[in-house]
Protein chains: 2
Amino acid sequence: MSSYKDKKVITIGIVSELTGLSERQIRYYEDRKLIFPERTKKGRRKYSFSDVERLMEIANKREEGVQTFEIKKQLQRQDNEKQIREKMLKGQINAHFRIRK
Amino acid sequence: MSSYKDKKVITIGIVSELTGLSERQIRYYEDRKLIFPERTKKGRRKYSFSDVERLMEIANKREEGVQTFEIKKQLQRQDNEKQIREKMLKGQINAHFRIRK
DNA sequence: CGTGTAAGGAATTCTGACACG
DNA sequence: CGTGTAAGGAATTCTGACACG
């Protein structure tokens, strides 16, 4: 879980270049709870590469005409599934070591 | 080769936080050719996670009292070795496919 | 609803230089 | 040699708002 891909270190200007989205759009999607940047002490937004990918997904969905609320629900579903997979993997690993003991 | 780790997307302020080095130090190491950030169109420095790791290495060496010129030479040696390993790996892969054909 | 834009302010970054040593 | 700092300017980012639709 995590490493470079999930480290929040990219400022909004760079994210804008990377995704082709305007800063306005990126901030709006945050307002709509599709994306969750961190902040520096002074309030600057910081994004991860995962966030960049997520924004690309959002951009694709938007192009298809999907509304932000729908996208939000889809993303939440994805996030849940991912969490479940991670938990199962963790369980597998624990089980493995329990047997081996 | 490359991916997130080598993508230059981190501004100097964040790099400073990540490494514990002052911006002055980071810029100076660039001046001494130890580190090679890219620039945005408007001239802002952009670093990769690899650069951050490299700066941590530099910081350690500096703490040991190693001068920047020495560190530079060491890093160049490392970079060369890495390149060679990559070339060899590439050769291996090519050979593999040649045989398989 | 989703996005553009102008507005004013605050934080960031840049360079060249002086300082110490 | 390596780093701190003050200086002045330019670029970045932030928020809240008006606009269109």
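Just the heavy atoms: all of them, side chains too, but no hydrogens, waters or symmetry mates, feed the values below. In what follows, chains carry the letters A, B, and so on, assigned in the order in which the sequence lines appear, proteins first and then strands, with residues in each chain numbered from 1.
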Do any side-chain nitrogens or oxygens of Tyr28(B) fall under 4.0 Å of OP1 or OP2 in dT3(D)?
no
Considering only heavy atoms from C-beta outward, does the side chain of Thr68(B) approach that of Arg62(B) to under 4.5 Å?
yes
Separation of atom CD in Glu63(B) from atom C1' in dT3(D), rounded to whole Å:
15 Å
Whole-Å distance between dG2(C) P and Glu64(A) CD?
15 Å
Cationic N near anionic O, under 4.0 Å, Glu38(B) to Lys7(B)
no
Between Phe49(B) and Val9(B), is a side-chain contact (heavy atoms from CB on, under 4.5 Å) present by the stated rule, with each step listed?
CA-CA 9 Å; Phe49(B) 282 110; Val9(B) 297; 5.7 Å; no
Grab the CD1-P distance between Ile10(B) and dT12(C) for me, whole Å please.
16 Å
Taking 4.0 Å as the cut-off, does a side-chain nitrogen or oxygen of Thr11(A) come that near to OP1 or OP2 on dT13(D)?
yes
Hey, could you give me the OG1/NZ distance between Thr40(B) and Lys46(B), rounded to the nearest 0.5 Å?
6.5 Å
Spacing between Arg62(A) atom CZ and dG4(C) atom C1', to the nearest angstrom
14 Å
Below 4.0 Å: OP1/OP2 of dG2(D) and any side-chain N or O of Tyr29(B)
no
N/O (side chain, Lys42(A)) to phosphate O (OP1/OP2, dA10(C)) under 4.0 Å
no
Using the closest heavy atom to pick a nucleotide of DNA chain C for each, name whichever of Arg24(B) or Tyr47(B) lands nearer the 5' end.
Tyr47(B)
With nearest nucleotide decided by heavy atoms, which residue, Gln25(B) or Arg44(B), maps closer to the 5′ end of DNA chain D?
Gln25(B)
Glu17(A) atom CD is separated from dT12(D) atom C1', nearest whole Å, by 12 Å
Could you tell me whether the phosphate oxygens of dT15(D), OP1 or OP2, come under 4.0 Å of any side-chain nitrogen or oxygen in Arg45(A)?
yes
Scan every strand shown for a Watson-Crick or G-U wobble partner of dA11(D), both distances under 3.5 Å, and answer none if you come up empty.
none
Interatomic distance where CD belongs to Glu30(A) and P belongs to dG16(D) [whole Å]
12 Å
How do Glu23(B) and Gln67(A) order along DNA chain C: which one's closest nucleotide is nearer the 5' end?
Gln67(A)
Is the shortest side-chain N/O distance from Thr68(B) to OP1 or OP2 of dG2(D) below 4.0 Å?
yes
For Arg39(B) and dA11(D), is the shortest distance between a side-chain N/O and OP1 or OP2 below 4.0 Å?
no
Do Lys33(A) side-chain atoms and Phe69(A) backbone N/O form a donor-acceptor pair below 3.5 Å?
no
Please give the nucleotide sitting opposite dT5(C) as a Watson-Crick or G-U wobble pair, both distances under 3.5 Å, or none.
dA17(D)
Report the distance from atom CG of Asp31(A) to atom P of dG16(D), rounded to the nearest whole Å.
10 Å
